[in-house]
Amino acid sequence: MDALLGLPFDNSYARLPERFYARLAPTPVAAPRLVKLNEALAEQLGLDPGALASPQGVEMLAGNRVAPGSEPIALAYAGHQFGNFVPQLGDGRAILLGEVVDRDGRRRDIQLKGSGPTPFSRSGDGRAAVGSVLREYIVSEAMAALGIPTTRSLAAVTTGEPIWRDGELPGAVLTRVASSHIRVGTFQFFAARGDTEALRLLADHVIARHYPQAREVAEPYRALFQAVIARQASLVAKWLLVGFIHGVMNTDNCSIAGETIDYGPCAFMDAYNPETVFSSIDQQGRYAYAHQPGIAHWNLARFGETLLPLLAEDGDKALAIANEVLGTYRAHYVDALIGGLRRKLGLFTEEEGDAALAQDLLNAMTDGQADFTLTFRRLGEAAADPAADAEVRGLFENKPESFDAWLPRWRDRLSREPQDGASRRAAMHAVNPLYIPRNHRVELALTAAAERGDYAPFEELLTVLAKPYEERPDFAAYAEPPPEDQRVYRTFCGT
Ligand code: AMP
Ligand code: MG
């Protein structure tokens, strides 16, 4: 029967030395039940959705069966958590089943999260609550549909076993797909041990897997650092452009492949405010919305430190190289952000004052407590028809005068471009989503599933978020900000 699964595993990470991971199988659970399978993703991975949904497939997704070709491992890594270095973290509740090469020739990790304790679990139980599994499923799939690099969600299985957090919660296992699960913290793990041989092996593995062009140049490790910086800068700019707040940007949650990874108490902003923090565990606001670009830079500096022994034999020279490369981060980030803001504002050309024009709109949104997503979406309507200006203005509840002062400047800027209103609206609607995973909607979906076993709200939310740029009248309510009594101010790890 196992042949039915027929997963074409090819496990490059498991071929690295034994000190990179611990080999162990997931811990079986009492009563696995498949609550969600991502059929489109399965097909993209070259897997048979029918086989995955079969009893054998579900056993694999729950960790009750190790499929042929799978070489389950928990990866070793370290990391700075809220600025404090922890020399050993590692997959405490995740197990990499193996890698497959997808239909586009891309190597992808298939990992179970919540699959039982590992040698890296410390005091944790190795499990995940159904709420946190479904949150990661919803938000990661929404990010993918928004065109933002991210890990994906292949399946969610409930375990039939309770877990204990603040109270008793149903347990679940998420099957996560990533370009890899290598983190800044993976490099830190070996750097902290002075294991330069492992660092070199890891860097070579990453270059072969994610940055093959770096192998062709004279200084491959410098090129690797440069490439990771460019991807992280682009990623964090994309987060800001949709109002996403990761919530736990520790170095162990910073993917070397440049994907959004480790969704915890993450959230999207409703009303724009750069100081927004949702995570209940982020009491200092270290990972607030507008701090994210600076934190990514800090994380990349930590990555650069681990590469020093590879960058040059002479320590001073290595440091000079690392600093020079790190110095490019800001320009990458600013370019990505300004380029994105121009598109959000419907600008086809570049002018000196564009950054200030965008910033002044953001300032007006802060003053007016305007909804971030809807402001840009409705500006797209206003671009085609000035009669829609009032719809935008209405979002600046607290201080509409701030918007009034800004609007003529935007109109003036648009007048210097030849595009007509309809094509501008189309271009703006293609980058300004109408539907994001608003926290109150996510909460409603998680509560219905976790407390009542009702997955209908979860399914409908996924349907809406799969096409974030396409207006669909049936789903009009999903575009709306939360009513006063449903506003979410804090997200809990609830892990
Ligand atoms: P996170 O903040 O979720 O990225 O997790 C940070 C570290 O804690 C990682 O090493 C996780 O594997 C570990 N961890 C989180 N939750 C658990 C758990 N329930 N059991 C064991 N380890 C965990
Ligand atoms: Mg993590």
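Order of listing sets the numbers, starting from 1, for every ligand and every atom in it. We're numbering straight along the sequence, starting at 1.
Atoms of ligand 1 found under 4.0 Å from any heavy atom of N253 (numbered from 1 in listed order, with element): 4 (O). Atoms of ligand 1 found under 4.0 Å from any heavy atom of R165, numbered from 1 in the order shown, are 19 (N). Listed by number with element, the atoms of ligand 1 under 4.0 angstrom from any heavy atom of R122 are 7 (C), 8 (O), 10 (O), 13 (C). Interface of L89 with ligand 1, defined as ligand atoms under 4.0 Å from a residue heavy atom, comprises 10 (O). Residue Q81 has at least one heavy-atom neighbour below 4.0 Å for each of these atoms of ligand 1: 6 (C). With ligand atoms numbered from 1 in the order given, ligand 1 contributes 4 (O) to contacts under 4.0 Å with heavy atoms of D262.
When only interatomic distances are considered, the shortest N/O to N/O separation between V248 and ligand 1 does not fall below 3.5 Å. Residue D91 has no N or O atom closer than 3.5 Å to an N or O atom of ligand 1.
Comment: R103 does not engage E43 in a salt bridge, judged by the lack of any side-chain N to carboxylate O separation of less than 4.0 angstrom. We find that E141 and K36 are not joined by a salt bridge, their nearest charged nitrogen and carboxylate oxygen being 4.0 Å or further apart. Salt-bridge formation is detected for the pair R165/D125: a Lys NZ or Arg NE/NH1/NH2 atom is positioned less than 4.0 Å from an Asp or Glu carboxylate oxygen.
Of all the heavy atoms of Y77, the ones lying under 4.0 Å from any atom of ligand 1 belong exclusively to the side chain.
Between Y287 and H246, the ring center distance fails the sub-6.0 Å criterion. Between Y263 and Y137, the gap from one ring centroid to the other reaches at least 6.0 Å. Separation of the Y221 and F225 ring centroids does not fall under the 6.0 Å cut-off.
In this structure, R193 forms a cation-pi arrangement with F189, its terminal cationic atom sitting closer than 6.0 Å to the ring centre and no more than 45° off the ring axis.
When R441, R438, R487 are each tested for a salt bridge (Lys or Arg N to Asp or Glu O under 4.0 Å) with D270, only one passes: R438.
An angle of 80° is found at the Mg ion (ligand 2) between D262 atom OD2 and N253 atom OD1, rounded to 10°.
At least one heavy atom of G126 sits less than 4.0 Å from an atom of ligand 1.
Nearest residue to atom 22 (N) of ligand 1 from A78, G92, A74 is G92 (criterion: closest heavy atom).
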